[in-house]
Protein chains: 2
Amino acid sequence: MGKGQQTRQAILGQALVLSSECGLSGLSIGLLAEKSGMSKSGLFSHFGSKEELQLAVIREAQDRFAEVVVRPALKERRGLARLRAMVRNGIVWTQKINLPGGCPLMSAALEFDDQPGAVRDAVESSQRDWRRTLVNAVRIAMDVGELAADTDPEQVAFEIVGISLATQQGQRLLRDADAEQRAMRAFERLVRDYLAVPS
Amino acid sequence: MGKGQQTRQAILGQALVLSSECGLSGLSIGLLAEKSGMSKSGLFSHFGSKEELQLAVIREAQDRFAEVVVRPALKERRGLARLRAMVRNGIVWTQKINLPGGCPLMSAALEFDDQPGAVRDAVESSQRDWRRTLVNAVRIAMDVGELAADTDPEQVAFEIVGISLATQQGQRLLRDADAEQRAMRAFERLVRDYLAVPS
DNA sequence: TAAACTATAGCACGATCGTTCGTTTTGTCA
DNA sequence: TGACAAAACGAACGATCGTGCTATAGTTTA
């Protein structure tokens with residue numbers, strides 16, 4: 001990795017931290033340059049525009065999400081165990097990689113849903129990816145006979161996303177120490193409803 | 001209502017629209033003045049600071065929420081019917097009062113969870129109010145014997161908040177026409193789990 | 001080591017931000 | 001109608017925003 005790529009990665013690390021606290025639109029180039037210990041223009045030349053920077057931040061967040069949430073879960077047994085690992089990883093992943101302000105993609109989803117453009121498109125597709133991943137995991141759990149055959153995978157994914165959002169709000173806004181526990185309880189109740197009846 | 005209060009209300013109406021689209025921190029005084037058809041300084045003198053404006057917007061949103069979501073639900077029969085009305089009203093209320101960008105309090109909850117200050121405090125307390133209202137409604141449903149006696153009201157409120165958040169994301173970011181339907185299905189599944197067993 | 005290239009810094013730009021101040025218009029009431 | 005208060009305006013402030021341009025320092029390659 002050349003010098004350019006190296007500092008670019010360092011910048012993106014800082015950018016993730018900052019955007020987790022201030023949001024993707026609150027992320028300013030001046031402040032990011034200061035935190036990164038370089039000049040505004042020096043930093044700017046790595047991206048060419050603020051929009052390009054935001055897109056890079058989204059890609060970086062997606063990459064780390066895949067690395068920290070999805071990949072470890074794939075090591076779990078196919079079925080409910082894997083789905084459960086995804087949910088749990090999805091709830092704690094920002095703590096694990098030290099993002100002090102929670103998941104930037106979650107905030108961005110609310111920030112940009114009314115701002116047409118490339119950033120919105122990227123945020124949308126990242127959310128679709130995540131829901132699709134969840135749907136696949138649910139389908140596998142159906143295939144292995146752990147979830148009922150008439151389970152609606154999209155519905156399950158929808159509710160899991162809801163649990164994650166409520167958890168983030170509980171943890172960060174309400175400082176509720178029980179939020180994570182509530183989340184897992186909600187998840188267990190959810191899958192219990194769709195458990196396959198043993199024949 | 002004097003002239004001052006009158007224009008102040010008009011400004012707050014516009015501010016609600018704008019902040020539903022751009023967020024509470026993206027709400028700028030210059031743009032708001034333009035949309036309201038008055039000068040920046042004229043508008044500014046109604047509030048004295050941007051923070052004061054943001055607080056006023058939050059109060060206004062809370063008032064309308066109570067008026068459009070909570071109050072109509074109180075006309076429903078005590079119990080599940082009332083709780084269901086709250087959930088449904090909470091999902092459609094921004095359409096009903098023509099907020100094109102969804103619920104400003106929901107976005108603000110994600111925006112300000114890491115920004116200490118009066119605004120954060122107000123957002124937090126508005127969320128606590130809403131959860132408390134839900135908890136009360138659940139307790140009533142327990143009292144009238146429609147929900148089981150060992151129901152955890154806070155858990156139910158937590159999950160309802162999750163459903164609402166997932167619905168907003170589905171509707172606005174993913175443009176999913178089925179989001180509202182999914183929400184009600186999730187809610188019905190939720191209460192079915194806690195149904196009191198008829199003795 | 002010299003040349004070629006890349007990365008960073010410095011400076012300035014126009015725009016917009018929140019905010020202040022003094023003035024002018026508007027509304028209210030004796 | 002005239003006096004007084006309330007409301008709105010216009011201009012300007014310093015700060016910061018994103019974005020260019022040009023020069024210099026640093027790194028890589030011949």
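Closest to the B:K3 side chain, of the nucleotides D:dG18, C:dG27, C:dT19, is C:dG27. Picking from D:dA8, C:dA9, D:dG20 the nucleotide with the shortest atom distance to the side chain of B:T7 gives D:dA8. For B:K50, taking side-chain heavy atoms from C-beta onward, the closest of the listed nucleotides D:dA8, C:dT19, C:dA9 is C:dT19. Here the side chain of A:S41 is nearest to one of C:dC11, C:dT19, D:dA8, namely C:dC11.
Across the interface with DNA chain D, nearest-nucleotide mapping of B:K40 and B:Q5 shows B:Q5 to be the residue nearer the 5′ end. Residues A:S28 and A:G48 each lie close to DNA chain D; by heavy-atom proximity, the contact nearer the 5' end of the strand is made by A:S28. Nearer to the 5' terminus of DNA chain C, by closest-nucleotide assignment, is the contact made by B:L31 (compared with the other of B:L31 and B:G2).
Taking atom CZ of residue B:F44 and atom P of nucleotide D:dA7, one finds them 16 Å apart after rounding to whole Å. The CZ atom of B:F47 sits 15 Å away from the P atom of C:dT20 (whole-angstrom rounding). To the nearest angstrom, P of C:dA15 lies 21 Å from CD1 of B:I29. Protein atom CE of B:M38 is 13 Å distant from nucleotide atom P of C:dT26, rounded to whole Å. Per the geometry, CZ belonging to B:R8 stands 16 Å off C1' belonging to D:dA8, to the nearest Å. The distance from atom CD of A:Q9 to atom P of C:dA7 is 14 Å, rounded to the nearest whole Å. Between the CD atom of B:E51 and the P atom of C:dT19 there is a distance of 9 Å, given to the nearest Å. C:dG18 atom P lies 17 Å from atom NE2 of B:H46, rounded to whole Å.
Taking 4.0 Å as the cut-off between side-chain N and carboxylate O, A:D152 and B:R182 count as a salt-bridged pair.
Residue-level contact check: A:L27 touches the backbone only, with heavy atoms under 4.0 Å from sugar-phosphate atoms and none from bases.
Each of A:Q62, A:E67, A:E60 was checked for a side-chain hydrogen bond (donor to acceptor under 3.5 Å, both in side chains) with A:R64, and the lone residue meeting it is A:E60. For the side chain to side chain contact (heavy atoms under 4.5 Å, CB included) test with B:I11, the passing option among B:K35, B:H46, B:Q6 is B:H46; the others fail.
The backbone N or O of B:E76 lies less than 3.5 Å from a partner atom in the side chain of B:R82, making a donor-acceptor pair. Distance alone, capped at 3.5 Å, is enough to place a donor-acceptor pair between the A:R120 side chain and the B:L173 backbone.
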